[in-house]
Amino acid sequence: MISTMRTPLIAANWKMYKTPTEATAFLTSFFPLVKNNTAAEIVLFPAMPCLPALVDAARGKSVFIGSQNMHWMQEGAYTGETSPTMLTAIGVTHVLIGHSERRQYFNETDTTVNLKLKSALEHDLFPIVCVGERLEERQHGRTAEVLRLQVSIALEGIDPVRLGSLVVAYEPVWAIGTGKTATPETAEEAHTMIRSEIARIAGQELAQATRILYGGSVKPENAASLCCLKDVDGALVGGASLNPQSFSEIVASASERPKR
Ligand code: 13P
């Protein structure tokens, strides 16, 4: 029996920002700001060199540390890559898969997203699979088609019973780092499409239990209106997560979300 309680998840994607010293300084300021948080799960995705220091600093606190990427193989001659086993060995619990910047600049495809998702599940890493349409795809009325394809290839060949920990992040590419947030209606429509595609592939029960986050220019000023939507279960935050104060305000906005 899958739990249908979708606890909000607020995640920080720090991209290629912050050294280990800056990352631990963030945590020192951030912990007191979220000490009363019970509304949301919090995950930070720092750059690779920060992972060991942040895992250590977050031990015993209710903040999880994830990697922004990983290879799907356990080991091999893949210069510059990091394996799931290496991540779990240092205490990393979550992994971002298929962020649009990796798709755009590093040849990440729906097929590699699928390989990485399978591998993350095999290694007990909590996956956040990122999907989202580009501006020209939206302008040509292809949003539904693009989202369905991204979700269906990501989940291909995976037994639904193994997908209990799946989280999907809807990040419209035109909203990332642009200050152009999707309107609540646009976000809700996309989230509903994604949930219905998960239901088609893996069943209604899993779809209702799967958390779908919104990402793209989320800020303290707009977080509550996005997180309160019926099909939005939290946020994946870039720029506004670099500052402990603004990220803690986004975490606090999760408490305004009705329980579901
Ligand atoms: P911004 O919040 O800076 O738009 O970035 C969103 C994002 O890419 C999170 O993964």
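When reading the values below, keep in mind they use all heavy atoms of this one structure, side chains included, and skip hydrogens, waters and symmetry mates. Read the numbers this way: they start at 1 and go in the same order the structure lists the ligands and their atoms.
The minimum heavy-atom distance linking P127 with A120 is given by the pair CB-CB, 4.2 Å.
For atom 2 (O) of ligand 1, the nearest non-hydrogen atom of the protein is G238 N, 2.9 Å. E171 OE2, 3.2 Å is the protein heavy atom nearest to atom 7 (C) of ligand 1. If you check which protein heavy atom lies closest to atom 5 (O) of ligand 1, you get K15 NZ, 3.2 Å.
In this pair, W14 and F26 present their aromatic rings perpendicular. The plane angle is above 60°, beyond the 30 to 60° band. Ring pair H94/F45 is perpendicular by interplanar angle, where above 60° counts as perpendicular and below 30° as parallel.
Geometrically, ligand 1 and N13 share a nitrogen or oxygen pair separated by less than 3.5 Å. Between G239 and ligand 1, a contact under 3.5 Å exists for at least one N or O pair. Between H99 and ligand 1, a contact under 3.5 Å exists for at least one N or O pair.
V146 is linked by a side chain to side chain contact (heavy atoms under 4.5 Å, CB included) to E133, E137, R142, Q150, counting only residues two or more places apart in sequence or in another chain. When the ring pair (Phe, Tyr, Trp, His ring centres under 6.0 Å) test is applied to Y17, no partner is found at least two apart in sequence or on another chain.
Within ligand 1, the atoms closer than 4.0 Å to a non-hydrogen atom of A175 are 4 (O), numbered from 1 in the order shown. Close contacts between ligand 1 and G177 involve ligand atoms 1 (P), 3 (O), 4 (O) [criterion: under 4.0 Å to a heavy atom]. Those atoms of ligand 1 with a heavy atom of L236 less than 4.0 angstrom away are 9 (C), 10 (O).
By heavy-atom distance, the residue among A240, S217, S100 lying nearest atom 1 (P) of ligand 1 is S217.
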Requested in this report: Report the C-alpha separation of T112 and E108 in whole Å, then their side-chain angles, then the decisive distance to 0.1 Å, and conclude whether the side-chain hydrogen bond (donor to acceptor under 3.5 Å, both in side chains) test is met.
Outcome: CA-CA 6 Å; T112 58; E108 190 94 64; 2.9 Å; yes
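Ligand 1 does not have G215 within reach: every non-hydrogen atom of the residue lies 4.0 Å or more from it.
H191 places a side-chain N or O within donor-acceptor distance of the main-chain N or O of D231, the cut-off being under 3.5 Å.
A salt bridge is absent between D159 and R162; no separation between the charged side-chain nitrogens and carboxylate oxygens falls under 4.0 Å.
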